[in-house]
Amino acid sequence: MNAFYLFLAVLIPCVGGVLNPLIPWKKRSHMLIYLETLVVVNSILVWVLLLNRPEEIFTLVHFTGNLAIAFQLDGLGTVFAGLISFLWPLATLYSFEYMTKEKHEKTFFMFYTVTYGVTLGISLADNFLTMYCFYELLTLVTLPLVMHTLTREAILASRKYLYYSIGGAAFAFIGMIFLLTYGESPDFILGGVMSTATLAEGKNTFLLIYVFSFFGFGVKAAICPLNSWLPQAGVAPTPVTALLHAVAVVKSGAFAIMRLTFYCFGVDFLRGTWAQYLLMGVVMFTIVYGCSMAVKETHLKRRLAYSTISNLSYILFGVVLMTPLGLVGALSHMIFHAFMKICSFFCAGAIMHQTERHYIHQLDGFARKMPKVFAIFTVSALALMGVPGLCGFISKWNLVSAAIESQNPMAYFGIGALLLSALLTAIYMLTIVIRAYFPEKDFNYDTIADVKDPNWMMLLPLTVFAVMIVVFGLCSMPVTELLTAVAAGSF
Amino acid sequence: MELIRNFPCLSIFMAMLSAIISSALKGNGARRLNTFVVTAVGVMSACVLYLTCTTGESYVYKMGHFPAPIGNEIRFGSLEAGMALFFCVIMLFSLNGGRKKIQIEIDPGKENLYYIMVDLLLSSLLALVYTNDLFTAYVFVEINTIAACGLIMIMESGRAIEAATRYMIMSLLGSGLFLIGLCMLYDMTGHLLMSYIQISVREIAESGTYMIPLLVTIALIVVGLAIKSALFPFHAWLPDAYGYSTVSSAAMLSSLVSKGYIFLLIKIIYRVIGFDIFVNSKIINVLFVFGLAGMIMGSMSAIRENDIRRMISYSSVAQIGYIYMGFGLGTTVGMVASVFHILSHAATKSLLFVSGVGLTDVSGEKTQFIELTGAAYRNVAAGLAFTVGSLSMVGIPLFSGFISKLLFSQAAVQSNIKMLPTLIALAVSTVLNAIYFMKTVIRIYTPIESKYPSVSIKKNRLYAFTLLCFVMLNVALGMCSQPITDWITQGLSVFA
Amino acid sequence: MEYILLVPVFFPILAGIVLLLKKEYQKRSSMLLYVGTALVITGVFAVYGIFGITEGVTLFHLTKTLPVYFELDTLGRYFSLLFTIVWILAGFFSFEYMKHEEREKRYFGYYLIVFGVLLGLDFSGNLITMYLFYELMTLTSLPLVLHTQTREAVMAGLRYLFFSFAGAYMALFGVYFICRYGTTLNFTAGGVIPAAVLQENRTLFLVAVMFMIIGFGVKAGMFPLHAWLPAAHPVAPGPASAVLSGIIVKAGVLAVIRVVYQMIGTDFIRGTWVQTAWMSLTLITVFMGSMLAFREPVLKKRLAYSTVSQLSYILFGLSVLDAEAMTGALLHVTAHAFIKVALFLCAAAIIYQTGCKRVEDLKGIGKGMPVTLWCYTIVSLGLIGIPPTSGFASKWSLAVGALASGVPVFSWLGPVVLLVSALLTAGYLLPITMQGFFPGEGYDASRFEGKEPSYLMLAPLLIFAALTVLIGLMPNGLTDRLFEFAAQALQIV
Amino acid sequence: MGEHLLANYAEVVAVILFGIGFTNLLLQKNMIKKIIGLNIMDTAVYLFLAEKGYIAGHIPPLIVGENFNPDTYINPVPSGLVLTGIVVSVSVTALMLSLTIRLYRRYHTLDLDEISMRLKKEGL
């Protein structure tokens, strides 16, 4: 297909989203139909593009020199674009129901839809500059979503989110400058864009710059110590927390780091350097730290947010192994975690939407009143723990295999961190499940008489996600093969 | 074509003449005359720009009867013409944006005085841009100072007068240093025309005698101009001067007056001292350090500030730090970045001042943040424009700030020693910028039940239109930066 | 035909899920009929599979390198037969017992599911399948533990869960490495990792093995991660504690054998610090378990501590890495399973009939429940190791094997500790019998009059007691088979 | 060093004067003293220029009658600069004085710091 359609896929949600508050809707349902159609059509477009991949590059504008805004579709982009375009329509459907209780729907959906386009922009970016532009835009368009409720808490959270993100981008910017100056091509190339001679000349400088940009993008991927915005941003409406802070935004950070590591600096250069060890240490610490904080946290969404922090570092762990297998592990966890976490977040959202309860200790006995939601929540919890047969196990398996294969002694400790984190995951997820299923003996069910399962608009996405979790867990082979091809550059 | 060569000289005199005529006119007349003159000068500058760009040369225009070594000259290349055009555009926009405020804040009897000052300012700026004579430059620096001071004190509030006094004192210190440096240079070289001084300076530098006096001279001139353009740590006068004057004045002061001095400095660096000699002196390292310090400290002060006008003013300190940091890098690329930042900052800062006043107007004339809550809903245009300005300041892609950040970093990468400090300072400064600007943006977009009335765009057409122009200018700088950097590079190359 | 192997694994799981999803039964008896039928059908298929099918069956691949594969070897047959017998009998016992508990449907549903999972664990033909069912076992047995949903039970359940997962994840560390370096994942006597690889990454693999032993040892209540066991087993309903203590802990033993003997290979760890550490841990556990049991006043808890101690007998037998000792250990698996189930069922019967939980309340119980107490006494003797019970046969083999193994210090220290522990076992089990039959002068035991439980409860008790004696009398048929297996596993030609 | 200083005594005096004027302008609190400092500073510059333009034994560059001999004149350019400088200086001084008057009318003090303090107190 013509590469122009790549740009179209980015443009449709942006324009469509901006139009939304401008159109005078007579009925709410009209707006919902419009939005869902928009998103679905765009997702179909994306999938058509993925299946008939355009080979050439579409250049939108030239900035100075070799800087251009350009789009293309390669293996890595395919994975990310495929992921988000699959999740978005479902998440939109879910948010229709969720947002009935919130105000300013029009603006909300505007930004929600625009974010779709921007995230696609990140995944379809052909060069660092384009990615950087969309990365910054992502911060800005998601900001109103975070502060949607406009409570003091939300404003503080959004401010923090903004400062962290922009600060991170500023450091990523440094990396971009280096790549533009020393890189032999502005486009992403698997294996790196800088020649070995250049790299050897200023080895430590380049490593330092790499570390800077890693941390810069790492802000969105919530690596320690730059993670505190994520739990706070949980004040946003759940569709936002679920889709953006479990998938789109944070995965964009991870995605950018993948681009940075594999497609810009090149793993051959980075492997075995102090930068790798430093980052691996940080990532391992984050894995454990996120989980530990999740165990301590009693607010449902914040607990899930901490869990996200930990799981994102799983992905980064795969990246810092700096082997193709590591990339496979990272990508598979990126996909699978997206399903697991969006699923658990949507369950949390369903609970909050239906019952206005936010804390875990309020969930006693809920499983009897919301059997479907909790069944699905249990599935996602088990998957997050990495129970075999569900998708979480597969991605962890891939990560660990890569760690073993890398023959890196520190990676072995990383395995230990993963396992410790799995245990902590079991603790923080299953305490919720057990509380809901097995309240104390003399629990009075009348106190939660108002609790019931949500309607189909919420349940449908949930069911789809749960099914996907199981399906991926049982037949992950096509996915893994695809990812292996991507990591090898043959896709 | 021949006619166009007269335009620079003509535009300076037109501006001066209009100032003289304005003293006989009433407020409205003076205003119309001023608008006309600014527009006309803009058009003329555009013609000159067209001429110089197509030929790619610079021209010398003899003033008076004496030929070169003794007489006075005007010299213009594409960079000068472009600057003149840009200054006119910004001045026009700033005046239009603040027109209402001028009518309200200034005693009707004195309105024509205001426009006299503006005319004088324009003429002095043009002269600074075009002149090839160092002493003429000094004279116009002083005229510029007086005009600027007049623009500040026209408000007649205690604070404004105090601010004007402080501004005046600092300016005089600066011009004193500039003057003595100039005299010493004259002493050493025996010339006042830039081109001839440069030849002599080159000889001195080659022979190696008088190196210390030369260095001292350079230092005096640079410090003098740095004080005048509010480089950290000489910025103490700035927040008051920008914060308590009428909005058009603030916009013009920050984006034109200080930029005029900086442009003069660039000119001296290239035309008088010679770029390589300047780079080899230690002074650029000092500028570099002060630039970096300014970037950080300016933003820090801005974060602490509780008043939107003063916050924007402090942000200027930081931005001027950027420009000097670009000088300090000591490369042509760094210089290009600095010149671009002059444009970018001028466009953005005046936009911020003008839109900021729109926000304070709908918040009961209060400049404290707490009063501004939700102001963007009460004045939609100003809110949007302020947001754009803020994003540009923070360096979000698509806006001009991003390009200047990009150019600075690209320049920094070329220097081995200064690379890391620059990059880190840029990153930190971006974060700090984000903190205070985005905090404000979030605040003005936080809805609140307000006691203040809203203003619709329809009632404020001119204002909204001005803002739109500013935004367009900003985006144009951000999106089509290639021709502009090309023009700057080419301009700098014919500069020397 | 080999697909029949899948039936006993998945049929009870499905049956259990169906039961859970169904509406509440009108009549209790129809539910019992359903459960009973399901148990019997599973049992029949399991026995058929155990004796009739030799080929393996691959269900599907988790990833390219991870097939879910079922195959039965001697060990698997042995364990699955044992599990089937005990599970079905305890199931019938609970038909009666569960009358006084709530939420029976849930209990039976999970009871069926766990049955299937356990059989899956036994049937699994490779490491990853075993690990899969191991984790599932933890999860599905959880509802049995916290069935009563008292605060204590929930807390104990959580503790059970987290300790088990901690163990599983420690083991997973080793699993990862085995999967990477092993030539195959199927259980193979003598190990699957080439000796050269093992030597090259010696430290790594030693650490991995230690992790796996401790990790799987969690389920078997091995020190230092034993603390969940005395908390979790007693709070479950009677029959559930019986199977937890008698069967599910054995899954840990099975996993340890699989890993040490059939994945890593005994040659690699013989004489290393891992073996020493393992032996020390088991002996500490044996002694500590007995001591704690001795001091415990609540009957079920006392039995749970006893389990801790007895399981480490088995693990000690395994850690010696000697064919004779291993035979003893394997025999003790059966012996302990029957005995401990019987003991717990006795305790359950007593609680069901009288509500007495503490040991000092049981004075004179022999007057009212003589059959129960006699069963209790017989199996107690078995646990102490007095001939002619199964416990004697197994402990004898254990001690002989340990002495013959030639491991320095431990070859004599082990039997000494075992003896001391046996004495302690006598000390904590027999007083109940004595006080039960001889409460002493003037003690009024009339409250126990006519409390003998129904036949549905008595029958399993009697069967277990009989089996204990039977194996003790005629252990040879079984020990020969087990010795053969042990010799093969240790690669003694 | 000393010889050089002695030989160029006029320049030395000029620079010292400039320093005095600069310091006064910068550090004096009193507005009037500041203005005096400004004037000293400017005058120092004129002194410097005049000295530079003076050539010993030459006469002012005035054309009297038909006598026109450039060789006998001193350098006229610095004189021109001084004249221009004086004009600038006068206007600047005037402006400063007018500002001072306004401040004095408002606050009845010439001390700039005190005025600032008061403004802060007023909170304007």
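Chain letters run A, B, ... following the sequence lines, proteins first, then strands; residues in each count from 1.
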Proximity breakdown for A/F393 and chain C, heavy-atom pairs closer than 4.5 Å: side chain

Contacting region of C/F211 [heavy-atom separation from chain A under 4.5 Å]: neither

A/F339 and A/F465 aromatic ring geometry - parallel, tilted or perpendicular at 30°/60° bounds: perpendicular

Segment of A/P371 engaging chain C (4.5 angstrom heavy-atom cut-off): neither

Any C/Y160 side-chain heavy atom under 4.5 Å of C/S141 side chain: yes

Sequence-distant partners of C/E200, side-chain contact (heavy atoms from CB on, under 4.5 Å), two or more places apart: none

Side chain, backbone, both or neither of A/L382 within contact of chain C (heavy atoms, under 4.5 Å): side chain

Side-chain heavy atoms of C/F165 within contact of A/L419, under 4.5 Å: no

Side chain / backbone / both / neither for C/L161 at chain A, heavy atoms under 4.5 Å: side chain

Beyond-backbone contact of C/Y134 with C/F216, side-chain heavy atoms, under 4.5 angstrom: yes

Student check: side-chain heavy atoms of A/R368 and A/F374 closer than 4.5 Å: no

Part of A/V400 lying under 4.5 Å from any heavy atom of chain C: side chain

Portion of A/I427 that has a non-hydrogen atom of chain C nearer than 4.5 angstrom: both

Under 4.5 Å from a heavy atom of chain A, the part of C/R151 involved: both

C/E135 CD to C/M130 CE distance, which is reported to the nearest 0.5 Å: 11.0 Å

Selection from A/A426, A/A422, A/C475, A/S476 maximising heavy-atom pairs under 4.5 Å formed with chain C: A/A422

Option that, when pairs with chain A are counted at under 4.5 Å, heavy atom only, ranks first among C/L146, C/L172, C/V154, C/T150: C/L146

